[in-house]
Amino acid sequence: MVGGGILGCAVARELQRSRPGAQVTLVEKEDHLAAHQSGHSSGVVHAGLYYTPGSLKARLCRRGVQLLGEYCADRALPYLQCGKVLIARDQAEHTRLRDIADRARANGVPGVRLVGPAGLAEVEPEAVGVAALVSPGTAVVDYAAITRALAQDVQAAGGRVLLGHRVRTLVPLARGVRVVAEPQPHSAWGAAELTDLFDAVVVCAGLSSDRLARASGGSADPAIIPFFGQYYRIDDAHAGLTRGLVYPVPDPRYPFLGMHLTRRVDGTLTIGPNAFLSAAREGYRGQVRLRDLIEVACWPGFWRFAARNVPTAVRELAGVLSPGQFLTEARSYVPALEGARLTPVGRGIRAQAMTRDGRLLDDFAIERRGPVTLVRNAPSPGATASLAIAEHIVAAVA
Ligand SMILES: Cc1cc2nc3c(=O)[nH]c(=O)nc-3n(C[C@H](O)[C@H](O)[C@H](O)COP(=O)(O)OP(=O)(O)OC[C@H]3O[C@@H](n4cnc5c(N)ncnc54)[C@H](O)[C@@H]3O)c2cc1C
């Protein structure tokens, strides 16, 4: 297994559960688990509202919700079913909301209902809109804690979790795959290089998944384009203004759900994430990394995508430059947030796969090349679906 995010840990655990006696090794380049997407998400257990019926996302999200709920109960991990409303602010959004309601029903999401302004006020008394879709089953969790619990399960069943080792190459052989991983400088986890032979390797490398695909002889297409999303915490005096999660009606042209008000398992309320090109794949403090930028600039799809999205980029840039935009957006759903103080609480960086012709891949993408299985696109709701994605991958590897 390559990658100590929630997917890598879920797949490692599932492999070990389904094949008792198998020797499972999970290799992660950082000194701790959930260092990237899995530790920088909104923490939402998506109920499955938006996704194209029949797609992998739609199927694995619904199964994932069930498995995640059971897992959190089993391991006494927080699972706060606070519910969610998607709010339409005008007639155009209302039309799109009806489409989402149809999808939610087709996906078998329980309890969803469309309501008008009075129905919205019953669920979220401080929220306003012309209509809303209520999803009572949506929940929040701590995905980093879940990732660590999954890795503990792997170790408890005899598996190995090797932190601080970066996988450099994967060499598919006639029987099995040779994995070469080098210790990271200053790693607290030993200095030995790993050059072991495995029967099969599953790569869940998030922001590096295209690089590892290439390192195992796979196609360069799709490439990973990193999009960051900033979060701000809303001050305690205003944090009680919502009961659950408040989401916009997403723009169907993008795979991102739009800035939302998110209740966290610790009771705090955040607003975010926006979506803008990141100048470094792992630039959580806004760093610029030349290699990452050059890769984006050399990807032909990026320029096609950029040419189509100038107005959106300009709008998103305004939010990047001014946190006031976050509050303006939040107040359009919850006017009582007027005067709230926002404190930055970091950013997450999405590993978004983009094709050579500039299309953002919407569905989960899993590619099998002999003994190597590569997860090439696992955007939101990838964390929600993680245990179901693990079942899906392990069934195919077996
Ligand atoms: C801002 C944001 C908000 C999100 N919100 C939600 C949400 O509310 N609900 C939801 O369901 N999903 C959400 N998602 C999506 C979710 O976080 C991802 O789908 C999920 O975390 C993907 O897990 P992963 O294990 O594939 O990736 P990651 O967590 O990124 O893990 C990949 C791991 O691979 C390691 N790695 C990379 N290269 C190597 C190498 N060469 N050798 C060894 N290790 C390597 C990395 O260090 C990393 O730890 C969100 C994502 C973002 C960015």
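All ligand and atom numbering here is 1-based and tracks the order in the structure. Since the structure is predicted, the reported quantities are computational estimates derived from the model, not experimental observations. If you read the sequence from its start, that first residue is 1, and numbering goes on from there.
- The closest approach between any non-hydrogen atom of Ile6 and ligand 1 is below 4.0 Å.
- With respect to Val11, the side-chain contact (heavy atoms from CB on, under 4.5 Å) criterion is satisfied by exactly one of Glu391, Met1, Gln16: Met1.
- Taking all heavy atoms of Pro379, Ser41, Gly382, Pro381 into account, the minimum distance to atom 4 (C) of ligand 1 is reached by Ser41.
- At least one heavy atom of Tyr231 sits less than 4.0 Å from an atom of ligand 1.
- Cation-pi geometry between Arg103 and Tyr51 is not met at under 6.0 angstrom from the ring centre and within 45 degrees of the axis.
- Proximity annotation for atom 35 (C) of ligand 1: of Glu30, Lys29, Glu28, Glu28 comes nearest, heavy atoms only.
- Numbered from 1 in the order shown, with element, the atoms of ligand 1 that lie under 4.0 Å from a heavy atom of Gln37 read 17 (O), 21 (O), 27 (O), 28 (P), 29 (O), 30 (O).
- Side chains of Gln325 and Glu329: a donor-acceptor N/O pair is absent below 3.5 angstrom, by distance only.
- Of the N or O atoms in Ser38, one or more lie within a sub-3.5 Å distance of an N or O in ligand 1.
- Across Val167, Val45, Thr384, Val44, heavy-atom proximity to atom 7 (C) of ligand 1 is greatest for Val44.
- On a distance-only criterion, Ala35 and ligand 1 share no N/O pair closer than 3.5 Å.
- Put simply, the residue from Thr373, Val372, Val179 that forms a side-chain contact (heavy atoms from CB on, under 4.5 Å) with Val203 is Val372.
- Neither the backbone nor the side chain of Leu207 has a heavy atom within less than 4.0 Å of ligand 1.
- By the criterion of a heavy-atom distance under 4.0 Å, the backbone of His165, and not its side chain, is placed next to ligand 1.
- Between Pro273 and ligand 1, no N or O atom pair is found at a separation short of 3.5 Å.
- Look at Ser42 and you'll find a heavy atom under 4.0 Å from some atom of ligand 1.
- No heavy atom of Arg168 sits closer than 4.0 Å to any atom of ligand 1.
- Atom CZ of Arg175 is surrounded by 12 or fewer heavy atoms from other residues, nucleotides or ligands within 6.0 Å.
- At a 4.0 Å cut-off, at least one heavy atom of Leu212 sits close enough to ligand 1 to count as contact.
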